[in-house]
Asks: 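Attaching a single structure in structure tokens format; questions to follow.
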Amino acid sequence: MTFPAPAPALSGVTRAPAVSAHPDDVDFGCAGTIPSWVDEGYLATAVVAGRIEPAPNMIV
């Protein structure tokens with residue numbers, strides 16, 4: 001199996017959002033990528049854009 005070459009870095013970019021539908025999607029899907037972005041100096045932010053309902057025993 002071969003993979004395509006990585007995309008070239010964008011100049012002037014300082015922020016890297018990671019948007020997901022579930023709270024743990026970013027953790028499992030980007031667990032290695034986000035720390036590498038931060039190490040390179042990017043401001044990384046995780047955004048959860050899903051509908052989350054509390055559990056029956058959760059105090060809201």
Side-chain angles (χ1 to χ4, degrees):
M1 176 184 292
T2 59
F3 294 96
L10 299 173
S11 62
V13 175
T14 59
R15 294 183 223 174
V19 181
S20 72
H22 302 100
D24 61 354
D25 287 352
V26 172
D27 297 337
F28 289 112
C30 304
T33 304
I34 291 176
S36 68
W37 289 342
V38 173
D39 288 345
E40 293 175 19
Y42 294 95
L43 172 64
T45 304
V47 178
V48 178
R51 179 178 162 189
I52 301 172
E53 296 183 16
N57 60 348
M58 184 182 287
I59 298 172
V60 182

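By convention here, the first residue in the shown sequence is residue 1.
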Asks: Which heavy atom of D25 sits nearest to which heavy atom of S20, and what is that distance?
Replies: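 Reported closest heavy-atom pair: CB-CB, 3.5 Å.
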Asks: Check V26 against A18 and note the closest heavy-atom contact, atom names and distance.
Replies: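 What the structure gives for the nearest pair is CG2-O, 3.8 Å.
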Asks: Should F28 and I34 be regarded as members of a common hydrophobic cluster, given that ILVMFWY residues are connected when their side-chain heavy atoms come within less than 4.5 Å of each other, either directly or indirectly?
Replies: no
Asks: Where do P35 and C30 come nearest, in terms of heavy atoms and distance?
Replies: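 Taking P35 first and C30 second, the nearest heavy atoms are CD-O, 4.0 Å.
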